[in-house]
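Shown next, in structure tokens, is the structure this report addresses.
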Amino acid sequence: MDLQDTLSRGPDESVEARWQRLPTTWRLMVERGGPQAAVGRGVLALIEAAAAQPELRRLYPFTSHCVLRFSSRGGHPPEADVPSVEPVREGGFRVLSPSTKRVLGEADTAEAAVALVVARLSAPAPG
């Protein structure tokens with residue numbers, strides 16, 4: 001099944017297909033090793049932690065510059081409209097605003113970072 005077939009089946013199937021493909025892609029990058037392997041392990045940990053959260057599992061996941069991002073809207077290219085999360089080279093994780101210009105929080109584990117993203121989903125927008 002190609003991307004066009006996946007997208008034509010509807011947003012739910014497109015999102016689910018993406019959740020299935022994304023960790024495979026990052027596992028392959030980690031297995032290849034190289035200078036980005038450590039960051040790749042952090043991204044993979046974030047993907048796995050996020051996949052376990054029903055609130056995030058409904059969103060379309062994608063990565064850009066080693067940042068795990070989420071889109072609540074269908075369509076291509078995806079548009080990040082909720083907080084994102086990235087591994088920090090020195091260890092730990094950083095939660096970023098949808099634009100990735102502001103740090104919203106930091107955590108020691110992927111699970112804790114993902115919990116911060118989930119908490120931001122239900123928080124009222126600043127007024």
Side-chain angles (χ1 to χ4, degrees):
M1 180 183 321
D2 67 11
L3 177 62
Q4 198 58 34
D5 289 338
T6 300
L7 293 174
S8 68
R9 292 177 183 260
D12 290 342
E13 287 190 35
S14 175
V15 167
E16 185 55 35
R18 184 65 177 172
W19 277 109
Q20 291 175 15
R21 276 193 320 271
L22 195 58
T24 301
T25 301
W26 280 93
R27 270 189 210 99
L28 289 171
M29 288 163 58
V30 168
E31 288 171 8
R32 288 186 187 132
Q36 291 293 333
V39 173
R41 282 190 291 278
V43 173
L44 183 57
L46 289 169
I47 293 167
E48 291 171 346
Q53 298 299 317
E55 300 90 343
L56 295 178
R57 192 72 187 219
R58 292 189 301 256
L59 304 174
Y60 185 86
F62 64 103
T63 55
S64 176
H65 299 90
C66 298
V67 176
L68 177 59
R69 305 183 79 184
F70 306 95
S71 177
S72 64
R73 301 177 203 143
H76 217 70
E79 183 179 326
D81 53 0
V82 299
S84 55
V85 64
E86 69 178 346
V88 179
R89 284 193 188 277
E90 300 79 31
F93 301 88
R94 195 173 335 186
V95 177
L96 306 168
S97 65
S99 69
T100 69
K101 293 182 183 193
R102 283 188 308 125
V103 174
L104 303 176
E106 295 184 357
D108 292 332
T109 67
E111 293 79 10
V114 165
L116 290 172
V117 173
V118 171
R120 289 284 182 153
L121 290 176
S122 58

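Remark: of the listed residues Leu59, Leu121, Val117, Val118, Val118 is the sole one forming a side chain to side chain contact (heavy atoms under 4.5 Å, CB included) with Gln53.
With contacts defined as side-chain heavy-atom distances shorter than 4.5 Å, the pair Ile47/Leu68 qualifies. Under the 4.5 Å side-chain criterion, counting only non-hydrogen atoms from C-beta, Ser64 is in contact with Arg69. Residues Thr63 and Trp26 have side chains in contact (heavy-atom distance under 4.5 Å, counting atoms from C-beta outward). Taking 4.5 Å as the limit, every side-chain heavy atom of Val88 sits out of range of all side-chain heavy atoms of Phe93.
Residue Val114 is grouped with residue Phe70 when hydrophobic side chains (ILVMFWY) are merged at heavy-atom distances under 4.5 angstrom, including chains of intermediate members.
The minimum heavy-atom distance between Val39 and Pro87, with the atom names listed, is O-CG, 3.7 Å. Residues Val15 and Pro61 come closest through the heavy atom pair O-CD, 4.5 Å. Between Ala113 and Val95, the shortest heavy-atom contact is O-CG2, 3.5 Å. Minimum interatomic distance between Asp81 and Ser71 (heavy atoms only, all atoms of both residues): OD1-CA, 3.5 Å. Closest heavy-atom contact between Arg57 and Trp19: O-NE1, 3.1 Å. In terms of heavy atoms, Thr100 sits closest to Ser84 at CG2-OG, 3.6 Å.
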Go through it in stages, so that I can follow the logic: the residues are Arg41 and Glu31, the test is salt bridge (Lys or Arg N to Asp or Glu O under 4.0 Å), and I'd like the CA-CA distance, side-chain angles, deciding distance and then a yes or no. CA-CA 9 Å; Arg41 282 190 291 278; Glu31 288 171 8; over 6 Å; no

